[in-house]
There are 2 protein chains.
Amino acid sequence: MAVNDCFDPLKLENQICFPLYVAAKEVVKRYRPLLDPLGLTYTQYIAMMVMWEHKSVTVGKLCELLCLDTGTLTPMLKKMEAAGLVERRRSKDDERSVIVSITETGEALRAKASEIPARMAQCVSLSTEDAVKLLELLNKIR
Amino acid sequence: MAVNDCFDPLKLENQICFPLYVAAKEVVKRYRPLLDPLGLTYTQYIAMMVMWEHKSVTVGKLCELLCLDTGTLTPMLKKMEAAGLVERRRSKDDERSVIVSITETGEALRAKASEIPARMAQCVSLSTEDAVKLLELLNKIR
DNA sequence: TAAAATTATATTGCATACAACATAAATTTA
DNA sequence: TAAATTTATGTTGTATGCAATATAATTTTA
């Protein structure tokens with residue numbers, strides 16, 4: 001190996017974060033054909049997951065659970081409200097809070113989404129063991 | 001465990017892609033304080049890595065190496081050209097191609113960036129072994 | 001309790017991201 | 001070689017994503 005070929009930490013191929021960045025985008029992209037028929041984007045999909053589970057949450061809680069900013073969520077929740085999936089109203093207890101609640105339409109969408117996890121699992125094809133290991137490593141990063 | 005608590009594939013906590021999506025965003029966010037002083041975003045930083053290594057590449061090659069679309073790269077490259085980091089010119093051989101070349105200013109930025117990989121490594125703190133395993137798993141996904 | 005600090009959302013501005021489409025140049029084909 | 005196809009890049013439209021800032025309501029503090 002020539003001297004100049006020594007490990008260069010500024011080479012793209014020597015990065016650890018870049019493959020993570022690419023893989024995340026790739027996975028979101030692979031959701032698209034599955035989510036398009038439901039009229040959902042990936043971000044809206046994970047928001048719906050929270051709504052299906054909790055039925056009703058504040059914007060702040062949603063931000064926390066989805067690791068997203070209000071600058072991202074507020075406009076998106078307005079779109080989802082316009083689409084009839086959720087409702088937004090100020091809390092009576094605390095007028096600062098906005099409570100997001102799932103609608104009948106939103107609940108109904110769950111049935112259509114039920115196939116998605118299995119189809120994605122097939123698409124990503126990690127063994128259970130690998131998936132567990134990956135989660136462990138991703139947690140170490142955070 | 002109650003019957004209703006059975007594994008629900010539509011629960012956010014049972015997702016494998018969501019932690020990946022969150023970790024990728026988290027890592028990019030952690031680059032920010034290191035890249036701000038250089039006037040680079042993360043995406044511009046990985047583009048500069050390619051430029052530091054190759055000096056001169058077509059837009060198409062850059063798209064391929066960075067796994068990005070022309071819709072993302074073209075406007076960004078224009079900004080980087082405006083910042084004096086690169087130059088863009090049509091190829092003489094093939095007028096369809098645009099060649100992106102690094103400038104002196106772009107080369108000079110490399111010195112300022114040299115500390116970043118080590119500082120990020122400290123920030124992310126994965127052992128070499130874990131990093132190798134993570135790369136392997138991310139490659140399995142793709 | 002009135003002022004200061006905190007909290008919860010919303011807004012603004014900037015930077016991606018990518019699908020879909022457009023366009024010009026080069027290549028292939030009939 | 002003229003037409004059809006392919007290739008390389010650019011443009012448009014939509015959807016994030018987040019920092020910084022703004023605002024209104026609540027809580028804390030002097």
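Letters A, B, ... mirror the listed sequences (proteins, then strands); counts begin at 1.
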Quiz item: Mapping K92(A) and T41(A) to their closest nucleotides on DNA chain D, which lands nearer the 5' end?
Solution: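 Of the two residues, T41(A) wins.
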
Whole-Å gap separating [atom2] ([N]) and [atom1] ([X]):
| X | N | atom1 | atom2 | answer |
| --- | --- | --- | --- | --- |
| E81(B) | dT9(D) | CD | P | 14 Å |
| D69(A) | dA10(C) | CG | C1' | 11 Å |
| Y21(A) | dG17(D) | OH | P | 12 Å |
| L35(A) | dA15(D) | CG | P | 14 Å |
| Y31(A) | dC18(C) | OH | P | 17 Å |
| R32(B) | dA19(D) | CZ | C1' | 5 Å |
| L68(B) | dA8(D) | CG | C1' | 16 Å |
| M76(B) | dC14(C) | CE | C1' | 14 Å |

Are the side chain of [X] and the backbone N or O of [Y] linked by a donor-acceptor pair below 3.5 Å?
| X | Y | value |
| --- | --- | --- |
| K133(A) | K133(B) | no |
| N14(B) | P9(B) | no |
| R30(B) | C123(B) | yes |

Heavy-atom nearest nucleotide on DNA chain C for K25(A) versus R88(A): which residue maps closer to 5'?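 Its nearest nucleotide lies further toward 5', so the answer is R88(A).
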
Here's a test of your reading of the structure: between E26(A) and K78(A), which maps to the more 5' nucleotide of DNA chain C?
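By nearest-heavy-atom nucleotide position, the 5'-most residue is K78(A).
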
Would a hydrophobic clustering, with Ile, Leu, Val, Met, Phe, Trp and Tyr connected at side-chain separations under 4.5 Å, put I99(A) with I102(A)?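 No.
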
Are L138(A) and L126(B) connected in the hydrophobic side-chain network, where two residues link if heavy atoms are under 4.5 Å apart?
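Linked within one cluster.
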
Which angle, to the nearest 10 degrees, lies between the helix axes at the two ends of the helix from dT1(C)-dA30(D) to dA30(C)-dT1(D), each defined by five pairs?
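Both end axes considered, the difference amounts to 10°.
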
Tell me which nucleotide among [options] gets nearest to the side chain of [X].
| X | options | value |
| --- | --- | --- |
| R90(B) | dT16(C), dT9(C), dG10(D) | dG10(D) |
| K29(A) | dA19(C), dT16(C), dT16(D) | dA19(C) |
| S97(A) | dT26(D), dA8(C), dA25(C) | dA8(C) |
| K79(A) | dT9(D), dT26(D), dA15(D) | dA15(D) |

Measure distances between side-chain N and O atoms of R96(A) and base N and O atoms of dT7(C), and say whether any donor-acceptor pair falls under 3.5 Å.
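Flag set: donor-acceptor pair detected.
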
Can you find a donor-acceptor N/O pair under 3.5 angstrom joining the side chain of T70(A) to the base of dA10(C)?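 Counting by modelled atom types and ignoring angles, a donor-acceptor contact under 3.5 Å is found here.
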
Does K25(B) NZ have over 12 foreign heavy atoms under 6.0 Å away?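 Yes, the 6.0 Å shell around NZ holds more than 12 heavy atoms from other groups.
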
Identify whether any heavy atom of [X] sits under 4.0 Å from a base atom; if not, whether one sits that close to sugar-phosphate; answer base, sugar-phosphate or nothing.
| X | answer |
| --- | --- |
| L73(A) | nothing |
| G71(B) | base |
| T43(B) | sugar-phosphate |

Would you tabulate the side-chain donor-acceptor contacts of residues 70-88 of chain B under 3.5 Å, counting partners in other chains and residues two or more places apart, or write 'none'?
from, atom 1, to, atom 2, distance (Å)
T74(B), OG1, T70(B), O, 3.2
E81(B), OE1, R88(B), NH1, 3.1
E81(B), OE2, R88(B), N, 2.9

query = Is the shortest distance from a Lys or Arg side-chain nitrogen in R110(B) or E107(B) to a carboxylate oxygen in the other one below 4.0 Å?
reply =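 Salt bridge: no.
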
Can you find a side chain N or O atom of T74(A) that sits less than 4.0 Å from OP1 or OP2 on dA10(C)?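 Affirmative; the distance criterion is met.
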
